[in-house]
Each structure stands twice: as C-alpha cells, then as structure tokens.
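We're numbering straight along the sequence, starting at 1. One-based numbering, in listed order, for ligands and for the atoms of each.
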Amino acid sequence: QSNLIETHTFANFIEGDCNRLARSAGYAVANKPGITSFNPLLIYGGVGLGKTHLVQAIGNEIKNNLEDKFVLYVSSEKFVNQFLDAIKDGNVKPFTNFYMQVDVLIIDDIQFFAGKGRTQEMFFHIFNHLHQNKKQIVMTSDCAPKDLMGLEERLLSRFKWGLTTDLQMPDFETRVAIIKRKMQSEGISIPEDVIEYLAYTVDTNVRELEGVMISLIAHASLNRVDIDLSLAKTIMKNIVKDIEAEVGIDFIQKTCADYYDIKLEDLKAKTRKKEIVTARQVAMYFAKEFTNHSLKSIGYHFGGRDHSTVIHAVQTVNDLMETDNSFKAAIIELRKKFKMKSY
Ligand code: ADP
Ligand code: MG
C-alpha cells in the first residue's frame, strides 16, 4: 500500500517557469532514487500549487519503473497520528520498523510537525536511518525551511544535505496549458476566449483554477448550455467568492494588526496583553470565517496554538459582540474589508 493516486503523474504535471527546477529535480530523483545528490528533496510552496501532485508523480514514476522498490507516500498528519497511536499502545517498535524498511519515503506537508517534539525526534531517527542506507526521502512544506517555525534545528540542518526548491504560481501561459490539459482529459472543448479569461482571472492557485473549471463544466451540463464567456463570467462572480480568494490568513492577520495598531509579530506571538489578545482573537475569528483552514491549521498560524484556542477565540468574539457595541462595530467594519477583497 503506497497511498499513491495514479492520476498524479509527470505527464499530467504541466511544466512552466514556475515549477521547472522542482519538476526536473523530482524527475531525476524518480529515476535514481537515493543516489542523486537530491536527498532529501524538499519541495515547498503555497497551497494548491502542485506539491502533492509532484511528489506523488515521483512515487508513481518509481513504482512503474522500479517495481522492487517500496515507495510510501504519507501525509505528515497521518504520520503523527500513527506515531501517537503507537505511543498509546505502548509499542513504538513496529511503527519505527515499518518506516525504516521503506526505499522511498514521501512525506507531505511537514509544516505539520511544528511544535511536535516527540514526532520530530522519531522522524529524525527514521530520516537518519534511511539516509545512511541511501534510501530516498522526499518532503513538502507550505513554506521555506527558514520560515518553518517550530521545527528543530537539527532536522532543518539535515534538509540542507539535499535540495530544497519551490513551486510558484504558474504564469498566464502555463495556466492556459493547465486548463487545456484538464479540459482535454474531461473530453470537453471550450472556446479560446473562455480559456484566456479563466487563465487571466484565476491567479491564486491551481486548485482554485480547477475548482472553477469543475463548476463551469457542471453548470453547463446541468443547464444543458454551451460553455461560453458569459457563463464563465457568471460562474466567476457567483462561485469564486466562496472559494478562498485573496483573503488568506496572512492578509487577515495583517489587516487586524493594522486595524488595532499592533505589531504583526505580537499578533502571532505569545503575548498576553489585553489589546493584543483581542486583536488576535478577532483575527482567528475571521480566519475561520474567510479561509478554508482547519481550526488546527489556524492555531498553527498563530504561533503554534492548538485548535481549542481558536474555538475559544471565536466564542469570545461572539460573546463580546452581544455585549459591546463598539467592539461589534469594529467587527462589522473589518468584515467589510474582507468581503470586499473576496469578490
Ligand atoms: P498542494 O499540495 O501544493 O496544495 P496539489 O498538488 O494538491 O497542491 O495541487 C492542486 C491541484 O492542482 C491538483 O489537482 C493538481 O493536480 C493541480 N496542479 C497543480 N499544479 C499543476 C501543474 N503544474 N499541472 C497540472 N496540474 C497541476
Ligand atoms: Mg498538498
């Protein structure tokens, strides 16, 4: 059981300036796992830019060409949960042994290890064992290693042994190619002006671009109409605003910090000062409302807090709105800012 999705291949992964280095490093690793100097290979980039697709493509390529290799893809979240279960059962050995047998370990979203000391220690040992035995390690994270708050220095320094490379948002031409490929694989043809319109307007991430295409196809087929520019525009107006647009956690944090006239670092730090706590709770409240991040992920972005802190923040904001009119007015004003941005 490799946990690989067959459709995530190199053939389906459109190349552009945005991903050329990551893609070719991935391809090199896929053809000579463990023996290139790209070990570990760490690919980082924002949400929906193709990290999971690319590392799965590496796994699939190896599985197809080198059948005797044990390739394993695992999300960091799953790794953590398996480890915690093993601890709970009081028997960590099978867990360790399992991971140490792997030939190619692909571990996705390692930012999730932040602040999890015991998991990092375990991963450190597995990493060392695999690396010493010339086994390939491939990792992804949502930010550059230097910004991986909450990861131990000794792990970060291991990452420098190999290659770290990033994925950027595809440029216009690459977006056009991605749309064409997707439509082709769905067996649907759409007019050139619609393709250009979509490529031009959806500049956030590839997942969102795919979301818009799926909506477009669904609407056209449900209403038995052709896909044309006016349908595309309607879809963009009505649907895209529900998908996370520019209003991400960073934007929310910055807006709230500015609004309450505090430093952005303080908002994300542990400070307990009252004004800062309030601004932080408000920012968490809006992060829950406007982004698709889980409570866990929101907590993580606020200096590695846990999900219960976020729940508490949301409750506090709701309570304050009932009792404090000027607080409520502030919330309304801030919400307007985020709404405007998300259209
Ligand atoms: P991430 O893991 O970085 O959040 P994913 O790998 O899940 O992003 O990619 C989101 C979607 O976009 C997936 O359906 C993926 O197939 C698609 N995608 C991303 N980059 C490309 C690309 N260069 N070519 C084709 N599809 C892509
Ligand atoms: Mg991913």
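- Numbered from 1 in the order shown, with element, the atoms of ligand 1 that lie under 4.0 Å from a heavy atom of Lys51 read 1 (P), 2 (O), 3 (O), 4 (O), 6 (O), 8 (O).
- The Mg ion (ligand 2) does not have Thr140 among its coordinating residues (no N/O/S atom, backbone or side chain, under 2.8 Å).
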> Could you walk me through whether Thr140 and Asp108 pass the side-chain hydrogen bond (donor to acceptor under 3.5 Å, both in side chains) check?
Replying inline: CA-CA 5 Å; Thr140 75; Asp108 206 357; 2.4 Å; yes
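- A distance-only check finds no donor-acceptor pair linking the side chain of Arg23 to the backbone of Arg20 [under 3.5 Å].
- In this structure, the protein non-hydrogen atom closest to atom 25 (C) of ligand 1 is Asn12 O, 3.2 Å.
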>> The test is side chain to side chain contact (heavy atoms under 4.5 Å, CB included); show your working for Ser2 and Leu72 and say whether it passes.
In response: CA-CA 5 Å; Ser2 294; Leu72 182 71; 5.6 Å; no
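- In the model, Asp171 has a side-chain atom that pairs as donor or acceptor with a side-chain atom of Thr174 under 3.5 Å.
- Close contacts of ligand 1 with Asn19, meaning ligand atoms under 4.0 Å from a residue heavy atom, involve 23 (N).
- Polar contact with ligand 1: absent for Phe13 (N/O pair, distance under 3.5 Å).
- Within the 4.0 Å heavy-atom criterion, the part of Ile178 lying near ligand 1 is the side chain and not the backbone.
- The option with the heavy atom closest to atom 20 (N) of ligand 1, from among Ala177, Ala57, Gly46, Gly50, is Gly50.
- Regarding atom 16 (O) of ligand 1, its nearest protein heavy-atom neighbour is His53 ND1, 2.6 Å.
- The shortest heavy-atom distance from Gly45 to ligand 1 is not under 4.0 Å.
- Nearest residue to atom 13 (C) of ligand 1 from Glu210, Met169, Arg207 is Glu210 (criterion: closest heavy atom).
- No N or O atom of Val206 sits closer than 3.5 Å to an N or O atom of ligand 1.
- The backbone N or O of Val314 sits less than 3.5 Å from a side-chain atom of Asn318, completing a donor-acceptor pair.
- Under 3.5 Å, the side chains of Ser326 and Asp324 contain a donor-acceptor pair of N or O atoms.
- Under a cutoff of 6.0 Å and an axis angle of 45°, Lys51 and Tyr44 do not form a cation-pi pair.
- Summary of contacts: the protein heavy atom closest to atom 24 (N) of ligand 1 is Ile14 N, 2.8 Å.
- With ring centers used as reference points, Tyr99 lies 6.0 Å or more from Phe123.
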